[in-house]
Amino acid sequence: MDPEMSEEGRDRPESGEAVDVTKSMASGKTSEKSLSEKSVGSLSSKDMIFRADKIDLKSLDLQLEKHLSRVWSKNLETQSSQRPREVWEIDPTKLEILYLVAQGTYGTVYRGTYDGQDVAVKLLDWEDGMKTAAEAAEIRASFKQEVSVWHKLNHPNVTRFVGASMGTSQFKIPKKNPSESSTNLPPRACCVLVEFLPGGTLKTYLFKNRKKKLPFKVVIQLALDLSRGLSYLHSERIVHRDVKAENMLLGTQRTLKIADFGVARVEAQNPRDMTGETGTLGYMAPEVLDGKPYNRKCDVYSFGICLWEIYCCDLPYPDLSFADISSAVVRQNLRPDIPRCCPSSVSNIMKRCWDANPEKRPEMDEVVRLLESIDTSKGGGMIPDDQAARCFCFAPTRGP
């Protein structure tokens, strides 16, 4: 090489002085100002020399994805501020999130206050776990579906909807450690607010009573609350599709209310438009497990399983795997064992509700009438009202 280099050549970095772009980007030192200082009378983009072995492609990819995510979120927030507010949308400034209650498949639940009332706040963060655009869109659609179903409902045995919000970063989430300050949600986060029920889930309540069981009148009261709530939903042409003890909440007077409409939908006129395994194994009707068309009668089947759980304070299939349950329910007509002490008035409802043929299952309004006709004044459950001894139909004790 000619020792007398041109002016342009002298400004070009030697091979040993190659620009390490990754290091600059990671440290955040590559500023517009520094680039302009180097570029005036010195480097141009076409003259830059990069050492391939110094470029961390993984780091660059992560930075690019974060940048695109921020742009996507900013656009979403801009669009949200420009569109007209839905009737069910809340004012984020009136919401205070207090503490974590539970984490589940469809979101994280906190306790909070909104405009002076106690609420349960269900949060979805679409950026959590670096979800793809398709996954985020699916969660967003699921959320809108839940809100569209829930905000129209009004029944004493259905959890009262308060409001919802989509795509806002104004919520402050409290840290687990009280000494730490709260954090803001990413812009793609959304929430749904419902009345807060201090009694917890029906599943937890049954687990606490797994040894002593429940008085018969309490069994019928809980079953009536659930059946009335489902009868109302069906009258509104809504199929819950995930009826189970975990999705039932209890109020201060042990009033049961149906919650979690994450997979609920308006019943299709043609049953063939409703297919697919939606729900929870153990509660799912045979036609759902088998991938066949179904209708609101899948909720009736699930109610039959719940009625058995309420009566027994036990799990229906504790020793079977998910695969065994699915196969046996569909092909071998597997159902929970009804204890000998169960009154025929209750056992007959169970059997009719979980019949393999959906056409033979009763409507929920008929189930309500059957339960209302049961006389609980003389006991008849797994324990008499005036005794603490437990029934010996099940041994050893099993819990949810």
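None of these values were measured; they are calculated from a predicted model.
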Could you give me the CA-CA distance, side-chain angles and deciding distance for Ser344 and Ser347, then say whether side chain to side chain donor-acceptor pair (under 3.5 Å) is met?
CA-CA 5 Å; Ser344 59; Ser347 63; 5.4 Å; no
Under 4.5 Å between any side-chain heavy atoms of Val162 and Trp88, yes or no?
no
Is a side-chain donor or acceptor of Ser326 paired with a backbone partner of Ala323 at a separation under 3.5 angstrom?
no
Here the pair of heavy atoms bringing Arg361 nearest to Cys353 is CD-O, 3.1 Å
Is there a side-chain contact between Cys312 and Arg210, using heavy atoms and a 4.5 Å cut-off?
no
By salt bridge (charged side-chain N to carboxylate O under 4.0 Å, His left out) - contacts of Arg254 (at least two apart):
none
Transitive ILVMFWY side-chain link Leu197 to Leu193, under 4.5 Å
no
Dump the intermediate steps for side-chain contact (heavy atoms from CB on, under 4.5 Å) on Lys122 and Val194, then the final yes or no.
CA-CA 8 Å; Lys122 181 177 176 182; Val194 299; over 6 Å; no
Give a yes or no on this: more than 12 heavy atoms of other residues, nucleotides or ligands lie within 6.0 Å of atom CG of Asn154.
no
Output yes when a side-chain donor or acceptor of Ser165 lies under 3.5 Å from a complementary backbone atom of Cys191, and no otherwise.
no
How close do Val300 and His234 get, counting heavy atoms only, and between which atoms?
CG2-CE1, 4.4 Å
Which residues pass the side chain to side chain donor-acceptor pair (under 3.5 Å) test with Tyr311, not counting sequence neighbours?
none
Output the distance between atom CG (Leu307) and atom CG (Leu226), rounded to the nearest 0.5 Å.
8.5 Å
What one should report as the nearest heavy-atom pair of Ala259 and Thr159 is CB-OG1, 3.4 Å
Lys/Arg N to Asp/Glu carboxylate O, Lys257 vs Glu195, below 4.0 Å:
yes
Would you compute the distance between atom CG of Leu250 and atom CG of Leu202 and round it to the nearest 0.5 angstrom?
5.5 Å
Sequence neighbours left out, what passes salt bridge (charged side-chain N to carboxylate O under 4.0 Å, His left out) with Asp375? Give chain and number order.
none
What residues, two or more places apart in sequence or in another chain, satisfy side chain to side chain donor-acceptor pair (under 3.5 Å) together with Ser231?
none
When rounded to the nearest 0.5 angstrom, what is the spacing between CG in Asn333 and CH2 in Trp354?
10.5 Å
Flag the pair Arg296 and Glu236 as a salt bridge only when some basic side-chain nitrogen lies within less than 4.0 angstrom of an acidic carboxylate oxygen.
no
Test: salt bridge (Lys or Arg N to Asp or Glu O under 4.0 Å). Region: residues 342-354. Which pairs qualify, not counting sequence neighbours?
Arg352-Glu366
His151 side chain to Ala164 backbone, donor-acceptor under 3.5 Å
no
Say whether, by atom type as modelled, one donor and one acceptor occur between the side chain of Asp242 and the main chain of Asn247 under 3.5 angstrom.
no
Assess whether side-chain contact (heavy atoms from CB on, under 4.5 Å) is satisfied between Leu98 and Tyr110, documenting all intermediate values.
CA-CA 7 Å; Leu98 301 177; Tyr110 293 85; over 6 Å; no
Do we get Arg111 above Tyr99's six-membered ring, with its NZ or CZ under 6.0 Å from the centre and within 45° of the axis?
no
Taking the side chain as everything from C-beta on, heavy atoms only, tell me whether Tyr232 gets closer than 4.5 Å to Asn157.
no
Can Glu309 and Lys244 be counted as an ion pair, charged N to O under 4.0 angstrom?
no
Residues Cys313 and Leu214: closest non-hydrogen pair is SG-CG, 3.7 Å
Flag the pair Ile90 / Asp115 as yes when at least one side-chain heavy-atom distance between them is below 4.5 Å, and no otherwise.
no
Do Thr93 and Leu95 have side chains that get closer than 4.5 Å, going by heavy atoms?
no
OH/Tyr317 to CG/Leu315 distance, rounded to the nearest 0.5 angstrom?
11.0 Å
Considering non-hydrogen atoms only, spot the tightest contact between Pro339 and Trp308 and give its length.
CD-NE1, 4.2 Å
Under 3.5 Å, is there a donor-acceptor pair between the side chain of Tyr283 and the main chain of Gly304?
no
Looking at side-chain heavy atoms only, is the closest gap between Tyr205 and Val218 below 4.5 Å?
yes
State, with a plain yes or no, whether a side-chain heavy atom of Val329 is found less than 4.5 Å away from one of Tyr301.
yes
Chi angles and distances behind the side-chain contact (heavy atoms from CB on, under 4.5 Å) call for Gln117, Arg160
CA-CA 12 Å; Gln117 57 183 316; Arg160 181 172 56 83; 3.4 Å; yes
How many angstroms lie between atom CE of Met248 and atom OG1 of Thr201, to the nearest 0.5 angstrom?
10.5 Å
Can a donor-acceptor pair be found, under 3.5 Å and without considering hydrogens, that links the side chain of Ser227 to the backbone of Leu224?
yes
Determine whether Leu249 and Val243 fall in the same hydrophobic cluster, where Ile, Leu, Val, Met, Phe, Trp and Tyr are linked whenever their side-chain heavy atoms lie under 4.5 Å apart.
no
Rounded to the nearest 0.5 Å, how far apart are CD of Glu287 and CG of Asn357?
9.0 Å
Side-chain heavy-atom pair Pro358, Cys298 within 4.5 angstrom cut-off
no
Thr113 side-chain N/O to Gly116 backbone N/O, donor-acceptor pair under 3.5 Å
no
Answer yes or no: is there a donor N or O on one side and an acceptor on the other, between the side chain of Asp290 and the main chain of Val330, under 3.5 Å?
no
Quick check: closest heavy atoms across Asp225 and Leu256, and the distance to 0.1 Å?
OD2-N, 3.1 Å
Run Lys297 and Met364 through side-chain contact (heavy atoms from CB on, under 4.5 Å) and show every step you take.
CA-CA 9 Å; Lys297 293 297 183 71; Met364 286 309 305; over 6 Å; no
Under the rule for salt bridge (charged side-chain N to carboxylate O under 4.0 Å, His left out), what residues qualify as partners of Arg335, not counting sequence neighbours?
none
Side-chain donor-acceptor pair under 3.5 Å between Asp299 and Ser302, yes or no?
no
